[in-house]
Each structure stands twice: as C-alpha cells, then as structure tokens.
Number of protein chains: 2
Amino acid sequence: MGSLKVEDDIVMEKLFEIFRSVGYDGASMSGLAAATGLKKASLYHRFPGGKEEMAHAVLDYIAAWNQSKIVEVLLSSKPAAKRLNVVLDSINELYDGGRLACILRALSHGTAAELFRNEIATIFQTWVAAFTYLANDLGHKPEISERLAESTIIRIQGSLILAQTMQQPGILQSALNDIKTDFLI
Amino acid sequence: MGSLKVEDDIVMEKLFEIFRSVGYDGASMSGLAAATGLKKASLYHRFPGGKEEMAHAVLDYIAAWNQSKIVEVLLSSKPAAKRLNVVLDSINELYDGGRLACILRALSHGTAAELFRNEIATIFQTWVAAFTYLANDLGHKPEISERLAESTIIRIQGSLILAQTMQQPGILQSALNDIKTDFLI
DNA sequence: GTCTATAGCTAGATAGAC
DNA sequence: GTCTATCTAGCTATAGAC
C-alpha cells in the first residue's frame, strides 16, 4: 500500500463518469479526487492543467471509443443492416439504456462551452459522416443520407434529455428503433 | 439614484438569460448580481432561498410563457395548421433561431438535476399533451399523435444541442420544418 | 507517483446602516 | 429596497516530504 500506481484506464473511466453525471462546472477537484481514489495533488501530477486538461483527456478517450465502436464498424464490410444493429446496440450500452447522460452534452454548457466546442463538434461531424456513409450503402439518395445522419444525432441527443428528465429510459430505445426503421427504408 | 427599485420583469429576464447561458452550476451569485444590476444582498432580499429560489422563479416564469404561447395557442379554435405555424414561430423566436440554449436543458444537469426535475418534467408533459391534441385535430390516429408530439420535443432539444455546438443555428429551423411536414401528413 | 499541508481566492450567505 | 462590509466554507492550485 501507499504508492501503488492507480491504472490510467481506471482513472479515465472515473473522470468520465463524474463529468458525464455532474457536468464540467459541477465537477470539483475534491470530487474528482474522491472518485478516482487519488488525492488532489496526485491528480495535478497526472494532469498539470487541472480540470480542463482532465476534460480534454476524457474527450480524447471518447473520440477513441467513437472511432472503434462507431466509425470503424459503420465503415466495415459486414452487411449494412448488421452494421447498423451493432452500432445502435453500442450506443444503447454507452448510455446504459437511457439512464446515463451524454458526456458531449455535459461538456457543452457553461464554462465548458467554449473550451471544448471544437473537439465536440469534430466528434459530431465524425458521427454524421459515418452514418451518412451507411445510409448511402443502404440505398438512400446522397442528399437524404446526410439528413438522415444528422437526424440520428439529433434524435439520440434529444431522447436522452427526455429520458433522463422524465426518468423513462425507454425513450432512448424508442428513438433508436425509429432510427433503425428510417435507415432500413 | 440609490434605492430606485429595479423592475421584477427585468430581473426575471436577466436571471433567465444567465441560467440559460451558463447553467445552474455555472451561475454565481456575483454573476447574477452583476447581470441584474443589483448587489448580492439585494438579490437575497428578493430571493431569500438564493440561487435555488431564483431558478425556481425562472421556471415559473417559463411555465407561464409556455402556457400562453404554446398551450393556449395549440388548444385554441383557429385552424389547426395555423396554430402549428404560430407555435413553431414562437419556439424559433424563444431560441433566437437556434442561437440560444434551452433553459430546461440548462437546469437539467449537475446539482440542478434533482432540484428541478419535477418542474421540468411537468413542462415537458404539458408540451407533449398540447402537441398530441393538435395532432389529433390534424387527423392523426391517437397512438400516432402522442409519438409525434414526443418526437417534436426530442427533435427540438436535439437540434438545439447540435445547432449550438456546430454553431449552425439553421439546424433548428430544419428540424422545425421537418416537424411541420410530419404534422401536416 | 503519491501523499500531507497549506496558500490564496471566490463561492454562497448574512448583519446592519441608510 | 438597496447598499457596504464581512463571515465561513469550499474551491483551485502549489510546496515539499516520502
């Protein structure tokens, strides 16, 4: 005991959980320290830039998840309908079936709005591009594909807000089903 | 000069602006005081419960706006299509064409999540009920009407998030147009 | 790499004069 | 009803021992 290093991945997961649940302004160094099991000074050792650097690290972490679980799957060579199902399942899991908020939304408000806007916008663009690609594969016309992709992000974000404030997680599943229906013509 | 009372309506408007733009945790008493033009002690005189009471007051204010600009219009005796247009215009104006965030979302995260969930959920329910009523009037089947109403809230909330992070306010207008199309069969 | 201890500041909140 | 002045608690951030 004492100076046994806490695993980077565990720290990232905990930071991710806190930011997503209380937001950027709602997260305090004390709270982040308690959640990770590290003391404040140790967190500053890993992230000299403090809270802002931690949030950037979490966004990098999410961008990587996004790349492997969404983009690479949607651009793979499996049957298009299969790709869609796998990705929607991953999304459902990411948000624990509608019970958990989206980290991108959590880092979009207050002080965080300007700090992380570019990174978040990039992630959204990546989603739209990947879903557009899938829609094309499924036989939609190009101009329809992009609208469908954008509508997918919109409905996921909107249904998450509603699911959480109404405490009806199923609202996310309904939205994911609607999305599936729209893609499969 | 000195003890000239600042108008209640102006104070409410300013509190509304601050909470919507920086969120609950992002709003400080100093910032709220500066925005309203009052000193902190004066704000506490009007709102002994501090920030929490101010946010409740803002939600009451919004609920009233909602009642007069959304519910009463949707339940009025004008032609149904006309009602829809008027309401969508009001919504577009409320969010300054996609440039401003939704106060309900701003008060849905962090510390605020549990504090105001019931009030926010009630407002959402009011919207769903009113849009459901309109959809029925427009000839949709009852089970379709409620799905359409819920989808309306979802798409407005989702498109606002996207509009602001992408800094493309037009995303809201596109969503409102899609909504209009869906209602008018 | 982790810790204890602490500096310096700003938060929310109150007392009391006018 | 508004103000100045102030309190305490919590915040971000750092110094320095192990």
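In what follows, every chain begins at residue 1, and chains take the letters A, B, ... in the order their sequences are listed.
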Once you apply a heavy-atom cut-off of 4.0 Å, does [X] come out as touching a base, just sugar-phosphate, or nothing?
X       : result
B/Ala27 : sugar-phosphate
A/Lys40 : base
A/Ser28 : sugar-phosphate

Taking only N and O in the side chain of [X], is any of them less than 4.0 Å away from OP1 or OP2 of [N]?
X       : N      : value
A/His45 : C/dG1  : yes
B/Ser30 : C/dA11 : yes
B/Ser42 : D/dC3  : yes

statement: The residue, A/Pro48 or B/Lys39, whose nearest nucleotide of DNA chain D is more 5′ is B/Lys39
message: Tell me whether B/Arg147 is salt-bridged to B/Asp182, with the criterion being a basic N under 4.0 Å from an acidic carboxylate O.
response: no
Between [atom2] on [N] and [atom1] on [X], what's the gap in Å once rounded to a whole number?
X       : N      : atom1 : atom2 : value
A/Tyr44 : D/dA13 : OH    : C1'   : 5 Å
B/Asp8  : D/dT2  : CG    : C1'   : 14 Å
B/Met29 : D/dT2  : CE    : C1'   : 14 Å
A/Phe47 : D/dA13 : CZ    : P     : 14 Å
A/Ile18 : D/dC11 : CD1   : C1'   : 16 Å
A/Asp25 : C/dA11 : CG    : C1'   : 13 Å
A/Met54 : D/dC11 : CE    : C1'   : 13 Å
A/Leu38 : D/dT12 : CG    : P     : 16 Å

- prompt: In terms of side-chain heavy atoms of B/Lys51, which of C/dA15, C/dG12, C/dG1 is nearest?
  reply: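 Ranking C/dA15, C/dG12, C/dG1 by closest atom to the B/Lys51 side chain puts C/dG12 first.
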query: With respect to the side chain of A/Arg46, which nucleotide from D/dT4, C/dT4, C/dG1 is positioned closest?
result: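 My answer, after comparing the listed nucleotides, is C/dG1.
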- prompt: Would you call B/Lys14 and B/Leu32 a side-chain contact if the rule is heavy atoms closer than 4.5 Å?
  reply: no
Any side-chain heavy-atom pair of B/Arg105 and B/Arg20 under 4.5 Å: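 Not in contact.
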query: Is the number of heavy atoms from other residues, nucleotides or ligands under 6.0 Å of A/Glu143 CD greater than 12?
result: yes
query: So does A/Glu146 have more than 12 non-hydrogen atoms from other groups sitting under 6.0 Å from CD?
result: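 Not buried by this count: 12 neighbours or fewer within 6.0 Å.
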